[in-house]
Participant: 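Below is a structure I'd like to ask you about.
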Amino acid sequence: MDADGDLVHGDWLAIADAGGAVRTTGLLGVLAGAHTVRRLELPVPTMLPALLRQTLLPVMLDAIGVPRTRQQWAERFNRGRFSEAEVTQLTHYLGPRYGHRFRLFDGKRPFAQVVGLEALNGETKSAAQLVPSIASGNNVPLFSSLTEGDELLLSPGHALLWLLHTHCWDTASIKTGAAGDPQAKNGKTTGNPTGPLGQLGVIVPMGRNLFETLMLNTPVVPDGLDPVDRPQWAWDERPVSLGWKSPAGPEWSSRPAGGLLDLLTFQARRIRLIPCETEQGPRVHRVIVSAGDRLARTPEWDPHTAWSHTAKSKAEHPQQRPRRHVSGRSAWQGLSTLLALDLPAGGDGPYTSVLLRQAGDLGFERALPADYPLGVEICGLEYGTQSAVVENAVGDSLPLPVASLLAEDRWLRAAILECVSQADQVGRALDNLSNDLRRASGGDPLPRDKGQRPSSRFLHSLDATMRRLLAGLRTVGEDDGLLERAQLAWELSVRAAAVREAEALLSAAPPRAVVGRVEKTNGKEVVYRSGKAIGIFRKKLAELLTRLAGDGSGNEEAAA
């Protein structure tokens, strides 16, 4: 990357090709050769949606336009790569038209930054402020490799990635007051929300290569993009009548998203990267991060989140709110949300993302083959203490059969959700067994917020099995027999894992659990002993795994 930090042609983005070889390229190279890119090599899972939304998708959509019909989408997708005409459009867009606005250290218009941004107190902060996993201010990770007193030197490429990440995921902590911002008081700005993605449970459909991933993240827009909808690097083309503040200046405003391009490139912070010269070339060592635009509300057409639907919402609240991921759970445990294709009828519940609903529609019209190896990446951040610090990160990937997203064909979706429900209920039965054994031993049930529950170990042991099941169901077609055999195999795996966990719990119980004890509950005497507890567990297991009850396949194995 040259002294100006040319993002279009500089080698800053690490990619892996079909053979697994890793190389670096620039923005134009990665888009023009998207069909050859197997994956993006990024530091953390939350970086993927930041890079897609802040650069790759808006550049592609603004340069070549959005498909207005599913047929147009299918024609692009089936080519498997950008056409020569589209590559020419991308080259012109990142060349004569906007190429000069994609320079990280430009003296007049640095990319996604405010030139000459200064703090009211004249101070700058360590570049660690951009990286949530490194100690900085109140954000003190348990296993940070650096302290706040250590100097962090970011290469231009990494500085760009963390710059985009900050716009999307930054904490809601107090921000440095910027000179020229009339809303800054006493050298700071309070009341900041997190970055826009920090309020979502991000869901990113994934293809076999970057081109297919870009297409799977491209919504069909029947009316096309609104002419006044411009990305952040073309902010000067927005109508002055909107009254929005320029993201290239220190002032900010609270406002709605002006369209898809504006939403994807929303500038939630005002940032300035401060480089220094080293023996290895330019490095970013100091930054200023100030308050930026505040998204008034996540629009219901945001493509990358699932929703919580409320049938009877209060007047000041929308019926649909972004649904965040739950930390400590695998992605497949949330399949009931990913596969919620219909709004809950007359009640509250989940509703899947725009892009997954679109994938189902494309599958129904055969634009997306039923056996296509669709994948899903989920990610999110869990904030703590008024969202001012990062406590945990969520990241997982999952194979997902296209047929399970077909709105009209519920059979495969119902089968998958039955498998997930069985695992969940067997896990609860194991927790109940553990609690009963603890009571029989003279103790108390494990508090819900303390210790590791047996269900956690059990569900973790099923993780690889569920992923194999989902990958195999991509090719199930209309073969009901194959589906039934797959569900039977799943139940066998569930029972084997449950029996192993039950045996471990029983072997850990002391001898006194055999005799047990009597407790009074609601005025009644209840006997707790290990024999009774394991009997209840066996009965529950038989009720949940219905296919095994009639096939005679080793019911005696359930004896712990």
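From a predicted model like this one, the values you see are computed outputs, not experimental measurements. We use all heavy atoms of the structure for the numbers below, so side chains are in, but hydrogens, waters and symmetry mates are not.
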Participant: Rounded to the nearest 0.5 Å, what separation is found between the CD1 atom of I416 and the OG atom of S336?
Facilitator: 12.0 Å

Participant: Output the distance between atom CD (Q425) and atom CD (E543), rounded to the nearest 0.5 Å.
Facilitator: 10.0 Å

Participant: Identify the two heavy atoms, one from W12 and one from G157, that lie closest to each other, and give their separation to 0.1 Å.
Facilitator: CB-CA, 3.7 Å

Participant: Answer yes or no: is there a donor N or O on one side and an acceptor on the other, between the side chain of R413 and the main chain of S404, under 3.5 Å?
Facilitator: yes

Participant: I'd like to know if the side chain of Q54 reaches the main chain of L164, judged simply by a donor and an acceptor atom lying under 3.5 Å from each other, with no hydrogens or angles considered.
Facilitator: no

Participant: Does E377 form a salt bridge (Lys or Arg N to Asp or Glu O under 4.0 Å) with R39? I'd like the steps, not just the answer.
Facilitator: CA-CA 12 Å; E377 292 271 353; R39 67 178 180 274; over 6 Å; no

Participant: Taking the side chain from R512 and the backbone from S441, do they hold a donor-acceptor pair closer than 3.5 Å?
Facilitator: yes

Participant: For D170, run the side-chain hydrogen bond (donor to acceptor under 3.5 Å, both in side chains) check against H165, K175, Q129 and tell me which one passes.
Facilitator: K175

Participant: Using every non-hydrogen atom in the two residues, find where V202 and W169 come nearest and quote the distance to one decimal.
Facilitator: CG2-CH2, 3.6 Å

Participant: Within a reach of under 6.0 Å around NE2 of H309, are more than 12 heavy atoms found that belong to other residues, nucleotides or ligands?
Facilitator: yes

Participant: With a 3.5 Å distance limit and no angle check, can you tell me whether R357 reaches the backbone of T352 through a side-chain donor-acceptor pair?
Facilitator: yes

Participant: Contact between L161 and P43 at the side-chain level, heavy atoms closer than 4.5 Å - yes or no?
Facilitator: yes

Participant: Is the number of heavy atoms from other residues, nucleotides or ligands within 6.0 Å of CD (Q452) greater than 12?
Facilitator: yes

Participant: Would you give the length of the straight line joining atom CG of L541 to atom CG of L430, rounded to the nearest 0.5 angstrom?
Facilitator: 8.0 Å

Participant: Identify the two heavy atoms, one from T337 and one from P350, that lie closest to each other, and give their separation to 0.1 Å.
Facilitator: OG1-CB, 3.7 Å

Participant: In the structure I gave you, are the side-chain heavy atoms of L48 and C379 within less than 4.5 Å of one another anywhere?
Facilitator: no

Participant: Between D342 and R410, does a side-chain contact (heavy atoms from CB on, under 4.5 Å) hold up when you go through it step by step?
Facilitator: CA-CA 11 Å; D342 301 316; R410 301 176 181 272; 3.1 Å; yes

Participant: Among L482, L483, L488, whose side chain to side chain contact (heavy atoms under 4.5 Å, CB included) with R485 holds?
Facilitator: L482

Participant: How close do A291 and T189 get, counting heavy atoms only, and between which atoms?
Facilitator: CB-CG2, 3.6 Å

Participant: Indicate yes or no for a side-chain donor-acceptor contact from R453 to the backbone of L446 under 3.5 Å, with no hydrogens or angles considered.
Facilitator: yes

Participant: Just how far is it from atom CG of D444 to atom CZ of R438, taken to the nearest 0.5 Å?
Facilitator: 7.5 Å

Participant: For residues L412 and P401, determine if any side-chain heavy atom of one lies less than 4.5 Å from a side-chain heavy atom of the other.
Facilitator: yes

Participant: Is it true that a side-chain atom of T310 and a backbone atom of D348 form a donor plus acceptor pair closer than 3.5 Å?
Facilitator: no

Participant: Please assess V476 against W411 for the test side-chain contact (heavy atoms from CB on, under 4.5 Å), listing each intermediate value before the final yes or no.
Facilitator: CA-CA 11 Å; V476 70; W411 59 277; 3.9 Å; yes

Participant: Between I203 and V376, is a side-chain contact (heavy atoms from CB on, under 4.5 Å) present by the stated rule, with each step listed?
Facilitator: CA-CA 7 Å; I203 302 169; V376 172; 3.6 Å; yes

Participant: So does G19 get a backbone contact from the side chain of R38, meaning a donor-acceptor N/O pair under 3.5 Å?
Facilitator: no

Participant: Counting distance only, does the side-chain N/O of R517 pair as donor-acceptor with the main-chain N or O of R439 below 3.5 Å?
Facilitator: yes

Participant: Looking at D431 and R428, is any side-chain nitrogen of the basic one under 4.0 Å from a carboxylate oxygen of the acidic one?
Facilitator: no

Participant: Which value, rounded to the nearest 0.5 Å, describes the distance between L506 atom CG and L433 atom CG?
Facilitator: 7.5 Å

Participant: Is it true that R467 and D396 make a salt bridge, defined as a side-chain N closer than 4.0 Å to a carboxylate O?
Facilitator: yes

Participant: To check you understand the geometry: which heavy-atom pair defines the closest contact between W332 and L459, and what is its length?
Facilitator: CZ2-O, 3.6 Å

Participant: Name each donor-acceptor pair under 3.5 Å that joins a side chain in residues 525-535 to protein atoms two or more places apart or in another chain, with its distance.
Facilitator:
| from | atom 1 | to | atom 2 | distance (Å) |
| --- | --- | --- | --- | --- |
| S530 | OG | A513 | O | 3.4 |
| K532 | NZ | V527 | O | 3.2 |

Participant: Would you confirm whether S387, through its side chain, and G384, through its main-chain N or O, come within 3.5 Å as a donor-acceptor pair?
Facilitator: no

Participant: Check whether any side-chain heavy atom of W162 lies under 4.5 Å from a side-chain heavy atom of V44, and answer yes or no.
Facilitator: yes

Participant: Any side-chain heavy-atom pair from S397 and M206 closer than 4.5 angstrom?
Facilitator: no

Participant: What's the verdict on side-chain contact (heavy atoms from CB on, under 4.5 Å) for V30 and L40, showing C-alpha distance, side-chain angles and the deciding distance?
Facilitator: CA-CA 9 Å; V30 75; L40 301 170; 4.2 Å; yes

Participant: Less than 3.5 Å apart, any donor N or O on the side chain of S308 or R321 sitting next to an acceptor on the other?
Facilitator: no

Participant: Less than 4.0 Å between a side-chain N and a carboxylate O, is that true for R283 and E151?
Facilitator: no

Participant: Flag the pair L362 / Y372 as yes when at least one side-chain heavy-atom distance between them is below 4.5 Å, and no otherwise.
Facilitator: no

Participant: Does some side-chain heavy atom of L381 sit less than 4.5 Å from a side-chain heavy atom of T194?
Facilitator: no

Participant: Give the minimum heavy-atom separation between L405 and L338, together with the two atoms involved.
Facilitator: CD2-O, 4.2 Å

Participant: At what distance, to the nearest 0.5 angstrom, does CG of L398 lie from CD1 of I378?
Facilitator: 8.0 Å

Participant: Please check: side-chain N/O of S330 versus main-chain N/O of Q333, any donor-acceptor pairing under 3.5 Å?
Facilitator: no

Participant: Side-chain contact test, heavy atoms from C-beta onward, threshold under 4.5 Å: evaluate it for V420 versus M466 and give yes or no.
Facilitator: yes

